[in-house]
2 protein chains.
Amino acid sequence: MTEAKALTKNQTLVLGALSGANGPLSAYDILDRLRPEGLRSPLQIYRALAPLVEQGRVHRLESLNSFVACAHDHTHGHHSHSPVVFAICETCGQVTEFSDEKVAQQLRGWAKDVGFKTGKTTLELRGTCRTCLAA
Amino acid sequence: MTEAKALTKNQTLVLGALSGANGPLSAYDILDRLRPEGLRSPLQIYRALAPLVEQGRVHRLESLNSFVACAHDHTHGHHSHSPVVFAICETCGQVTEFSDEKVAQQLRGWAKDVGFKTGKTTLELRGTCRTCLAA
DNA sequence: TCTCTCTATGTCATGTTATTACATCTGACA
DNA sequence: TGTCAGATGTAATAACATGACATAGAGAGA
């Protein structure tokens, strides 16, 4: 098993901010939370986010222009790279992360048929979660 | 069969610009193309886009912050609302639009299981198309 | 130890995407 | 003709993201 890559100071701060939040944060939201730690510019946030997203420790939600800490465990250095689905509640902001092998398989099948080489997959559901529906 | 809704002048211009393009355009790209027609501000573009997207004549690509004309026929006023998948070639910019009932079904199944009410679904594949792979 | 180099960091400026607020125009129709 | 609603026009600004360049610190090797 490979070791998890060590994080730099700013990466640690950014990941901490996202882990501590109970929903997605924009880069500027993160910046506001980290001003007390001395961060001052958006670029510092974006620079820290890039490798975190790359490593899968943070996900970018394209439909919100914001970021969430990955719900899975990264302390042991490895995780699945099958595409992730995000269900985003527009009422409470909570994001549920899951992956679905059937969906992945189906998309791979389409790609194979038409000769498309898939890199990153974005799959986001916007709607209302069970809790908010009940309320 | 319901009739297609009539478009306003600016909506016609914007849809025309998107139909004429051979790939996705940002709102500001569209604006640049429509300056000769007298459009001057981003808001004019965004205002025209909103109902076009609403009606499904235009799709927004979240991962590119840009827009494409829907590949399907809207002249007869009706089209399927099953979620659409976009395959975006990062080399040539071409966007292929398709829908996959199995994927849709699978996602509906998940939503049902956890009690999530899905509104809009975003499903975008970034990668390389057959043509660009061959080149 | 010195210094070279690589990575991370800091800062300013700017580029790109999207909306708020408010004014004006136009056509339907009472 | 008056007025009302929808479409349009314009300025200003908010929100998201990156380019360019300077600085700091840690580790390798002379």
Side-chain angles (χ1 to χ4, degrees), chain A residues 3-18 21 23-55 57-68 88 90 93 95 120 122 124 126, chain B residues 3-18 21 23-55 57-68 88 90 93 95 120 122 124 126:
Chain A
E3 266 310 305
K5 191 153 190 249
L7 300 180
T8 68
K9 174 170 152 269
N10 286 359
Q11 287 166 23
T12 306
L13 289 169
V14 166
L15 182 55
L18 285 172
L25 298 178
S26 75
Y28 283 72
D29 292 338
I30 298 169
L31 176 56
D32 287 340
R33 295 185 180 215
L34 294 181
R35 276 186 211 282
E37 322 304 326
L39 296 205
R40 290 153 195 290
S41 96
L43 191 49
Q44 293 175 291
I45 309 301
Y46 285 107
R47 280 203 287 230
L49 283 168
L52 292 172
V53 169
E54 179 67 25
Q55 294 163 34
R57 292 163 180 265
V58 166
H59 298 292
R60 178 190 173 90
L61 300 177
E62 298 289 353
S63 68
L64 295 177
N65 291 327
S66 61
F67 302 86
V68 283
I88 301 164
E90 293 180 314
V95 175
K120 182 171 173 270
T122 298
E124 300 176 15
R126 306 285 295 266
Chain B
E3 266 310 307
K5 190 153 188 248
L7 299 180
T8 68
K9 173 170 153 268
N10 285 359
Q11 286 166 23
T12 305
L13 287 170
V14 166
L15 184 54
L18 285 171
L25 299 179
S26 76
Y28 284 74
D29 291 338
I30 298 170
L31 176 57
D32 287 340
R33 295 186 181 215
L34 294 180
R35 276 186 211 283
E37 324 302 327
L39 295 204
R40 290 154 195 292
S41 96
L43 188 51
Q44 295 176 289
I45 308 301
Y46 284 107
R47 279 205 286 230
L49 282 168
L52 291 172
V53 169
E54 179 69 24
Q55 295 162 33
R57 302 168 112 113
V58 166
H59 298 293
R60 177 188 172 90
L61 299 176
E62 299 288 355
S63 69
L64 294 176
N65 293 324
S66 61
F67 302 86
V68 282
I88 301 164
E90 293 179 315
V95 175
K120 180 170 175 270
T122 298
E124 301 175 13
R126 306 285 296 266

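Naming convention: chains lettered A, B, ... in sequence-line order (proteins, then strands); numbering from 1 in each chain. As the structure is a prediction and not an experimental result, all values here were calculated from the model. Keep in mind that the numbers below use all heavy atoms, side chains included, and drop hydrogens, waters and symmetry copies.
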Within the 4.5 Å heavy-atom criterion, are [X] and [Y] side-chain neighbours or not?
X	Y	answer
A/Leu64	A/Glu124	no
B/Leu34	B/Asn10	no
A/Arg57	A/Leu15	yes

Spacing of [X] atom [atom1] relative to [N] atom [atom2], expressed in whole Å:
X	N	atom1	atom2	answer
A/Asp29	D/dA14	CG	C1'	13 Å
B/Leu34	D/dG9	CG	C1'	15 Å
B/Glu37	D/dT8	CD	P	14 Å
B/Leu39	D/dT10	CG	P	10 Å
A/Leu31	D/dA17	CG	P	13 Å
B/Leu49	C/dT19	CG	P	10 Å
A/Leu13	C/dG10	CG	C1'	14 Å
A/Ile45	D/dA15	CD1	C1'	15 Å

| Can you find a donor-acceptor N/O pair under 3.5 angstrom joining the side chain of B/Arg47 to the base of D/dG6? |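 Result: no qualifying N/O pair found.
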| query | Checking only heavy atoms, does the side chain of A/Tyr28 share a donor-acceptor pair with the base of D/dA17 at less than 3.5 Å? | reply |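 Yes.
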OP1 or OP2 of [N] versus the side-chain N and O atoms of [X]: is any pair under 4.0 Å?
X	N	value
B/Tyr46	C/dT19	no
B/Thr8	D/dT8	yes
B/Arg40	D/dT10	yes

| Quick one: which of B/Leu49, B/Asp29, B/Leu52 gives a side-chain contact (heavy atoms from CB on, under 4.5 Å) with B/Leu18? |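 It is B/Leu49, the one option of B/Leu49, B/Asp29, B/Leu52 that forms the side-chain contact (heavy atoms from CB on, under 4.5 Å) with B/Leu18.
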| For A/Ser41, which contact category applies under a 4.0 Å heavy-atom criterion: base, sugar-phosphate, or nothing? |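 Base: the residue A/Ser41, judged by heavy atoms under 4.0 Å, touches a nucleobase.
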| said: Regarding B/Leu43, tell me which of base, sugar-phosphate or nothing describes its non-hydrogen contacts under 4.0 Å with the strands shown. | reply: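 Contact class for B/Leu43: base.
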| said: Both A/Arg60 and B/Gly38 contact DNA chain D. Taking the nearest nucleotide for each, which residue is further toward the 5' end? | reply: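 The residue mapped nearer the 5' terminus is B/Gly38.
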| Comparing B/Asn65 and B/Gln44 on DNA chain D - which has the more 5′ nearest nucleotide |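 Comparing both residues, the 5'-ward one is B/Gln44.
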| query | In terms of side-chain heavy atoms of B/Pro42, which of C/dT19, D/dT18, C/dT9 is nearest? | reply |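 Selected nucleotide (nearest to the side chain): C/dT19.
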| What bend angle does the helix from C/dT1-D/dA30 to C/dA30-D/dT1 show across its length, from five-pair end axes and to the nearest 10 degrees? |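 Result, rounded to 10 degrees: 10°.
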What's the spacing between [X] [atom1] and [Y] [atom2] if we round to 0.5 Å?
X	Y	atom1	atom2	result
A/Thr122	A/Arg60	OG1	CZ	9.0 Å
A/Glu62	A/Lys120	CD	NZ	4.0 Å
B/Glu90	B/Ser63	CD	OG	8.0 Å

| Taking all non-hydrogen atoms of both residues, which atom of A/Gln11 and which atom of A/Pro51 are closest, and how far apart? |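 Shortest heavy-atom separation between A/Gln11 and A/Pro51 comes out as NE2-CG, 3.3 Å.
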